[in-house]
Amino acid sequence: MSRLDEFRDEFAREAEGCTSLQEIEALRLKYLGRKGLLAQFRKNVDFKSLPPEERGAFGKTFNDVKNFMESTVDSLNEKLDSAGTGSAKPALDMSLPGDDSTIGALHPITLVQKELEDIFMSMGFYIDTGYHVEEEFYNFDSVNMPFDHPAREMQDTFWLTDGHLLRTHTSANQVRALKKFGPPLRAIFPGRCFRYEAIDATHENTFYQLEGLMIDRDISVAHLISVMKLLLSQVFHRDVTVRLRPGYFPFVEPGFELDIKCLICGGVGCKSCKNAGWLELLPCGLVHPNVLRSGGIDPDEWSGFAFGLGMTRLAMMKYGIPDIRLFNSGDIRFLEQFAATV
Amino acid sequence: MKLSLDWLSQYIDMPKVSPEDLAHQLTMKTAEVEEVVKLKRVVDGIVVGEVTAVEPIEHDGGSSLSLVTVNAGARTYRTVCGASNVEVGMKSAFAPPGTTISGGRVIAEQAMAGRTSSGILCSAQELGWGDFHLGIMAFPASVEAGMPLADIVPATDYLIDIDNKSVTHRPDLWGHYGFARELAAIYGCDLKPLDMIAETEGADLDAFPLRIEDTDGCPGYCCLDIDGLRPGYAPIWMQYRLLSIGQRPINLLVDLTNYIMFELGQPMHAFDGERVRDIVVSKFGSKGTFRTLDSIDRSMESDDCMICDHDGPIALAGIMGGEETEVKEHTSRLLLESANFNPARIRSTALRLDLRSEASQRFEKGQPPYHMELSIRRFVRLLRDSGLDAVLKSRLTCAGDTGHERRTIPMSVLGLNKAMGMDIPRDRVDKILSDLEFSCVFDGDDVTVTVPPHRSRRDISIPEDIVEEVARIFGYDNIEPAMPAIRMEPYIFNRKHQRLQKIRHFLSVGRSFIEVSLYSWYDDNWLKRIGYDPGTTLCLKNPAAENTSRMRRELLPNILALIEQNAVHRDRFLLYEIDDVYLQQDSELIQPLHLAGIAYQSEKLGGVDTVFRSIKGIIEDIAREVNAGSVTFDSLGSADKPWQDKNASLEVKIDGVTVGTMGYLVRPFLDAFDKGTQVVWFELDVDALDGATFPDHSYKAIPVYPGSWMDFSILAPDSMQFSDLEKIVTAFIHPILRSAKYLYLYDGKGMPDNTISYTFRFWLGLDDRTLTGDDLNDFRDRFIACLQANNLSLR
C-alpha cells in the first residue's frame with residue numbers, strides 16, 4: 001500500500017469522528033492545507049525521478065485521493081450545516097424579517113362591498129351608486145311611498161333646507177336606474193344611507209346598504225328565492241338555508257323578510273341568533289307595479305325582484321364588530337385591522 | 001301589538017298546538033312575532049270580596065289605612081287596607097289567609113297598625129295580572145261575593161308580541177279579531193262571528209243630527225245616542241284580558257272602548273250625551289286653542305279636523321276628546337262616536353301636538369270604514385252583557401263612506417302562478433282566499449276576487465296583493481326555487497365606480513394607506529378651531545346635532561380632524577377617504593366624487609420633504625392608474641383655505657386643468673396641533689380624472705443598437721429651485737440623448753457652501769449604429785458647456 005492510500009484511510013477514519021465544523025476545518029487543514037500532509041508529501045516526491053510510465057499513475061492516484069478528501073470535507077460541512085449544529089456564520093441572515101409591508105387597510109365596508117360587487121358582477125349585475133343627496137321623489141314617491149304613506153315614518157329622514165333629503169335607503173336609486181337603463185336589467189346599488197336617529201352601539205345615522213334589482217320577463221318568487229340562495233352561498237362561502245316570511249316594504253309586492261339559518265349554530269339556537277336559529281338578513285320581494293310604472297316600464301310586460309342588504313350589518317356579522325360607531329370613528333387602531341388583501 | 005291567547009280563543013277553537021308553534025306560523029305567514037311570554041296569573045283561592053264597612057285607622061305610619069270588612073261569601077274577614085279606592089259597596093279581589101299571591105307571598109293573618117288583618121284585598125300587581133298597584137281591583141257590582149276567580153279566568157295566559165312594523169300596512173291586524181281570522185286561515189278552523197246587536201235595532205228611531213263638512217279629513221262618521229248608563233266596572237274577564245296586554249282597567253265605559261279597540265282595531269269616543277246634541281265634522285277654521293280632556297289648552301291650526309256641535313269644537317278628531325264634553329261619572333246618556341279619519345291629517349296634527357295615542361296611531365294606519373258600525377253594534381252588546389239596560393235614543397247614524405261597497409279585483413290564475421313561479425291548484429287558491437274572507441268567481445283562466453270589507457284599500461288593491469295573500473298562506477317554503485333563464489348580453493362596466501375601486505386598491509394595497517369613512521357633514525366646532533368657513537353649503541334642516549348641519553364641500557377638513565386622535569397611537573400614518581361631496585353650482589346640485597388624504601409623520605422620524613415627495617409621486621401614479629394622463633404641478637393661485645399656504649401648496653393639473661390641490665401644513669395653521677406634527681395633505685376631484693381608456697398603452701420599437709447611460713451630478717446654488725434646473729436639463733438636446741431622469745439630491749458633508757448637488761441620469765443611444773467613445777465624449781462636453789452657459793458646473 002502506498003503512502004497515499006494510508007493517507008486516505010487515516011483521513012477517512014478521522015473524518016468519521018468529526019462532529020463539528022471546527023473539527024472538519026482542522027481535518028481539512030491537516031490534510032489539504034497549504035502546509036498539510038498532502039502538500040508536504042507532494043513536495044517530497046521527486047516527480048522527475050519517477051519512471052515515465054509511473055508518472056501518470058502517480059498523478060492519477062494523487063488527484064483521486066485529493067478529490068476524495070475535498071468532497072468528503074464538503075459533504076461533511078453540508079451535513080453539519082443543514083443539521084444546524086454548525087456555527088460558521090452564513091453569508092446572509094435569512095431570519096431577518098421582510099421589508100415593511102406596503103399593504104395598508106381598506107375600510108371594512110369596502111371589503112364587504114368589494115366582495116359583494118365581485119359576486120354580483122360575475123352574475124351580470126351592473127353597479128350604480130346613485131346619489132347621497134336625493135330628491136324626495138326618488139327616495140319616496142317613486143318607490144310607492146307617497147307623502148301620506150305610513151311607511152315614511154319608519155324611516156326618519158334628514159331633510160335639507162332646499163327641499164332635498166339624504167337618501168334613507170339605496171332603493172332611492174331603483175327608478176333612476178330603471179329610467180337610465182330600461183328593461184331587462186340586473187343592477188346593484190351599493191352606498192351610503194342616512195337615517196335621522198340617535199347613535200348608539202347598534203344605531204348609526206350614517207350606514208351602508210346594497211340594493212339589488214332584477215327586471216325581466218316573468219320573474220317570480222321562485223326565481224327570487226333561487227337567486228338569493230345562490231348569492232348568499234357565495235357571500236358566506238358555504239351552502240345556506242333560507243326562508244321567506246311576509247315582510248312589508250312599499251316598493252315590493254309581495255314583500256318578504258329573508259332569514260338564513262344561523263351559520264354559527266346551524267339552526268338549533270345560540271347567542272348570535274338570539275336562540276331563534278334564524279337570522280333576519282334581508283328584505284326583498286317582487287317589484288311593485290307602481291315602481292315599474294315610475295320607471296316608465298309596463299308591469300304587464302315586465303316583472304322583477306328587488307332586495308336590500310345592510311352592508312354595515314353584514315360587516316359587523318362577518319368581522320365580529322360589536323359597536324357600529326367604530327365604522328365612522330376614523331380610529332386607525334380599528335381600521336388597520338382590515339388589511340387590504342383583496 | 002300584544003296578543004293574549006286567552007283573548008284570541010274567544011273567536012276560534014284553538015288548534016291543539018303549542019303557543020310557540022302558533023307564533024312560528026304567524027311569523028311565517030302573517031306578521032313577525034317578537035316573543036312569546038307565558039303569563040302566570042294568581043287566581044287559585046282568590047274570591048270576589050264585597051266591602052261592607054270601612055273604618056279609618058289612626059296610626060303614625062303616614063299613609064292612610066283602614067280596617068275593612070270584607071264579605072267573601074262563605075265568611076266575613078276584617079283586613080287592614082291602604083288602597084285609596086277602597087269604599088263601601090265595592091267588589092274586589094280578595095285573598096283569604098293561606099292564599100299564595102304574586103311573588104310567592106303567602107297571605108297570613110297578621111297584626112298591622114295595631115289591628116289583626118286577615119287576608120288582603122288585591123291590586124292587579126298582587127294578582128300578577130298587571131303592573132298596576134295604584135288601587136285594589138274594582139269589579140262590577142253584579143258579581144257575587146265569594147265567587148272564585150278561577151271559575152272566570154285561567155291561571156295561565158300567553159302573550160304573543162307582534163312587531164308593530166310588520167303590521168303597519170295591515171290595519172285589520174291592529175286588533176285580536178284580525179289575528180283570529182289569520183289563525184283560522186292558517187289552521188283551517190272556523191272563525192266565530194262577533195256577537196253584536198242586530199243591524200236593524202233602532203232602525204225606526206230618528207237619526208242623530210250629523211253632518212260632515214270636512215270630507216277630506218273625515219271620510220266617514222257613525223254615532224249612536226245611548227241612554228241607561230250607570231257608573232260601574234268592566235267584567236272580570238275583560239279586565240283580566242286588558243291587563244294581559246298591559247292596559248289598566250279604569251271603569252266600564254273606558255274599558256269597553258279600549259277592549260273594542262284591541263279587539264277590532266277601531267278606536268271610539270264617548271261624549272257626554274246630555275251635553276252633545278248634534279255633530280258637525282269640520283276644520284278648526286282659524287288659529288286658536290282647544291282644551292282637551294286632560295285639561296291642556298292645545299294650539300290649533302285652521303286645517304285641523306275637529307268634531308264640533310252647533311256651538312263649536314268638542315273633540316280633536318281621532319286624537320283626543322274635549323274637556324267640556326267628557327263623560328262625567330254620573331252621566332247616564334252618551335253619544336258614541338266611531339269614525340274614520342284621514343291618516344295623513346291625523347298624523348300631522350298628532351305629531352305637531354306631540355299627542356300620539358293608541359287611537360291616533362290606529363287612524364294613521366287607515367282604519368277600514370267597515371269597522372265603524374261594527375264597533376258600535378259590538379259596544380252595545382258588551383254594554384248589555386255587562387248588565388246595563390242600554391236604551392237606544394237614535395238609530396245608528398252614519399255619514400260618508402261606511403265601507404259597505406265591495407271592491408273586486410280581476411286577475412288571472414296564470415298571472416298568479418307566474419308570479420309565484422309554480423302552479424297552485426285552483427281549489428287551493430279558492431280555499432285560502434275564502435278562509436281570509438275573500439270570495440272568488442272563476443271563469444276559465446280569469447278570476448274575480450272580491451275584497452272583504454275589513455281589508456284596507458291601501459293593503460289590497462291590485463292582483464299582486466292577492467298573490468301575496470295566496471302565497472303566504474300557501475307557505476313560501478312550499479315554493480320550489482328555480483333560477484331564471486336570461487338572455488346573454490354584454491356587461492356594461494361602470495367606469496366611475498371602477499376608478500374609485502382602482503384608487504382604493506392602489507392606495508391601500510400598494511401604498512400603505514388606511515381608508516377611512518367619515519360623516520357627510522362638517523363639524524362646526526372643528527371648523528371654528530381651524531378657522532375655516534366653507535361658505536355656502538347645503539344645510540340640513542334637522543341635523544343630528546346643532547354643529548353638524550353643513551354638508552361637506554370637500555373631504556379634507558374631516559380628515560384633518562383625525563390627526564390628533566391618531567397621533568397619540570402612531571408616529572406615522574397615511575389616511576384617505578374617497579366619497580361624494582356636495583356642491584351647489586349655478587343653482588344646480590352636483591355631487592362629485594372626491595379623494596382626499598393625509599400623510600402624518602412625527603418630526604422624530606425625519607423631515608417633511610421626503611413625505612411630500614412621496615405623496616407627490618403617489619398623485620402622479622393615481623393619475624396613471626386611472627389613465628387620466630400626466631400630472632403637472634403648479635403654484636397655488638390663491639390659498640383660500642386655512643390649511644393651504646401659498647408657499648406650501650401646489651395645484652394638481654391634468655392637461656392644464658386643475659383637478660386638485662396638495663401641500664403640507666405650516667404655521668400658523670400647524671399651531672393648532674402638537675409640536676412636531678408634520679402633515680402632507682391632498683384632495684382631488686376624481687370625476688375630473690376621467691381619461692381615455694383606449695389605447696391605454698402603445699408600443700415603441702426596442703432599440704436595435706445597445707445604448708448606454710451616464711450620471712451627472714450638477715452643482716447648483718441653493719437659491720435655485722429644482723424646477724428651474726429641470727427646465728435647463730430638459731431643454732438640452734443632443735443627437736444621442738434619449739431621455740433624462742432626476743435621481744437624487746445631496747447637500748450634506750463636503751459640499752461647497754450654499755450649494756446643492758442634483759444627480760441626473762441620461763439615457764443615450766442611436767437608432768442606426770452603436771455608440772462610440774467619441775459620441776459619449778461629445779455628449780459630455782456639450783452638456784458641460786450647456787451647464788456653464790447657465791452658470792452651473794458638475795460637482
Side-chain angles (χ1 to χ4, degrees), chain A residues 102-107 109-110 114 121 124 126-129 131-133 147-148 150-151 154 158-162 164 166 184 192 194 196 205-206 216 218-223 225-227 229 243-248 253-254 256-257 286 288-289 303 327-328 330-333 335-336 340, chain B residues 27-31 165-166 168-169 343-344 364-365 418-422 462 464-465 467-468 471-472 476-477 479-484 486 491-492 494 497 504 507-520 538-542 544 562 565-566 569-570 573-574 580 582 589 591:
Chain A
T102 59
I103 292 181
L106 285 168
H107 196 274
I109 298 287
T110 299
K114 182 76 173 63
M121 279 171 76
Y126 177 71
I127 301 170
D128 195 22
T129 50
Y131 302 101
H132 300 174
V133 178
F147 80 98
D148 60 342
M154 287 153 54
F158 278 113
W159 292 92
L160 295 167
T161 49
D162 70 353
H164 280 95
L166 299 185
R192 185 180 279 220
F194 308 82
Y196 181 72
N205 57 32
T206 304
D216 216 308
D218 299 331
I219 291 294
S220 68
V221 178
H223 293 146
I225 298 175
S226 192
V227 174
K229 207 170 138 57
R243 71 172 193 193
L244 295 187
R245 54 191 171 78
Y248 171 62
E253 186 69 40
F256 316 106
E257 288 283 6
L286 296 189
H288 196 286
S303 55
F327 287 98
N328 302 333
D331 188 334
I332 63 177
R333 291 168 302 166
L335 295 164
E336 69 189 2
Chain B
T27 292
M28 295 305 290
K29 296 180 170 174
T30 303
K165 282 209 289 286
S166 70
T168 313
H169 61 308
E364 285 174 26
K365 306 290 180 285
K418 265 187 178 178
M420 288 181 62
M422 69 176 295
I462 54 173
E464 285 76 6
D465 298 327
V467 172
E468 176 166 48
R472 68 186 175 90
Y476 295 131
D477 282 351
I479 298 176
E480 192 63 41
M483 280 304 268
I486 46 170
Y491 183 81
I492 320 163
N494 180 335
H497 192 65
R504 275 178 173 158
L507 290 174
S508 287
V509 176
R511 294 293 187 278
S512 312
F513 269 85
I514 292 174
E515 187 191 11
V516 301
S517 176
L518 304 171
Y519 290 103
S520 288
L538 289 179
C539 283
L540 289 169
K541 205 157 78 181
N542 55 334
L562 300 177
Q565 68 175 85
N566 286 311
H569 308 294
R570 303 285 183 272
F573 52 80
L574 301 158
D580 293 356
Y582 321 103
L589 169 70
Q591 304 183 56

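Numbered from 1 within each chain, the chains take letters A, B, ... in sequence-line order. All of these numbers come straight from a predicted model, not from anything done at the bench.
Residues forming a side chain to side chain donor-acceptor pair (under 3.5 Å) with Ser166(B) (at least two apart in sequence, or on another chain): none. With sequence neighbours left out, Glu253(A) forms a side chain to side chain donor-acceptor pair (under 3.5 Å) with no residue at all.
With values rounded to the nearest 0.5 angstrom, Met28(B) atom CE is found 4.5 Å from Arg243(A) atom CZ. With values rounded to the nearest 0.5 angstrom, Arg504(B) atom CZ is found 10.0 Å from Lys114(A) atom NZ. In this structure, CD1 in Ile514(B) is found 10.5 Å from CG in Leu106(A), a value given to the nearest 0.5 Å. Between Asn542(B) atom CG and Phe158(A) atom CZ the span is 6.5 Å, to the nearest 0.5 Å. With rounding to the nearest 0.5 angstrom, the OH atom of Tyr519(B) is 9.5 Å from the CZ atom of Arg192(A). To the nearest 0.5 Å, atoms CG (Asn566(B)) and CG (Leu335(A)) are separated by 8.0 Å.
For a residue to count as touching a neighbouring chain, one of its non-hydrogen atoms must lie under 4.5 Å from one of that chain's; by this rule Leu244(A) touches chain B with backbone and side chain alike. Only the side chain of Ile462(B) comes within less than 4.5 Å of a heavy atom in chain A; its backbone stays farther off. The contact between Leu562(B) and chain A is made entirely by side chain atoms (from C-beta outward), counting heavy-atom distances below 4.5 Å. For Ile109(A), no part lies near chain B; criterion is any non-hydrogen pair under 4.5 Å. Proximity to chain A is limited to the backbone of Thr30(B), based on heavy atoms less than 4.5 angstrom apart. Interface residue Tyr131(A): backbone and side-chain heavy atoms are both found under 4.5 Å from chain B. Neither the backbone nor the side chain of Ala471(B) has a heavy atom closer than 4.5 Å to any heavy atom of chain A. With a 4.5 Å cut-off on non-hydrogen atoms, Leu589(B) touches chain A through its side chain but not through its backbone. Contacts of Thr161(A) with chain B are made by both backbone and side-chain atoms, with heavy-atom separations under 4.5 Å. Contacts of Met422(B) with chain A are absent, with no heavy-atom separation under 4.5 Å from either backbone or side chain. The part of Gln565(B) that comes within reach of chain A is its side chain, from C-beta onward, which places non-hydrogen atoms under 4.5 angstrom from that chain. Contacts of Asp216(A) with chain B are made by side-chain atoms alone, with heavy-atom separations under 4.5 Å and no backbone atom involved.
Scanning all heavy atoms of the two residues, the minimum distance from Pro246(A) to Tyr476(B) falls at N-CE1, 3.8 Å. Shortest non-hydrogen contact noted between Val227(A) and Pro484(B) is CG2-CD, 3.6 Å. Between Glu480(B) and Ala222(A) the shortest heavy-atom distance is O-CB, 3.3 Å. Nearest heavy-atom pair, Met483(B) versus His223(A), reported as atom, atom and distance to 0.1 Å: C-CD2, 3.8 Å. Here the closest heavy-atom approach between residue Pro254(A) and residue Glu468(B) is recorded as CB-CB, 3.5 Å.
Annotation: side chain of Leu160(A) is in contact with side chain of Leu540(B) (closest heavy-atom distance under 4.5 Å). With a 4.5 Å cut-off on side-chain heavy atoms, Glu464(B) and Leu286(A) do not count as touching.
Put simply, the side chain of Asp580(B) never gets that close to the backbone of Val133(A): no donor and acceptor are under 3.5 Å apart.
With respect to chain B, the highest number of heavy-atom pairs below 4.5 Å among Pro289(A), Gly247(A), Ser303(A) belongs to Pro289(A). Across Leu574(B), Asp477(B), Ile479(B), the residue that shares the most heavy-atom pairs under 4.5 angstrom with chain A is Ile479(B). When the candidates Arg511(B), His569(B), Lys418(B) are compared by the number of heavy-atom contacts under 4.5 Å with chain A, His569(B) comes out ahead. Between chain A and the residues Ala544(B), Ala31(B), Ala419(B), Ser508(B), the most heavy-atom pairs under 4.5 angstrom are made by Ser508(B).
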Side chain to side chain contact (heavy atoms under 4.5 Å, CB included) between Arg570(B) and Ile332(A), worked out: CA-CA 9 Å; Arg570(B) 303 285 183 272; Ile332(A) 63 177; 3.3 Å; yes
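Surrounding OH of Tyr126(A) are more than 12 heavy atoms belonging to other residues, nucleotides or ligands, all under 6.0 Å away. Shown here is Lys29(B), whose NZ atom has more than 12 heavy atoms of other residues, nucleotides or ligands within 6.0 Å.
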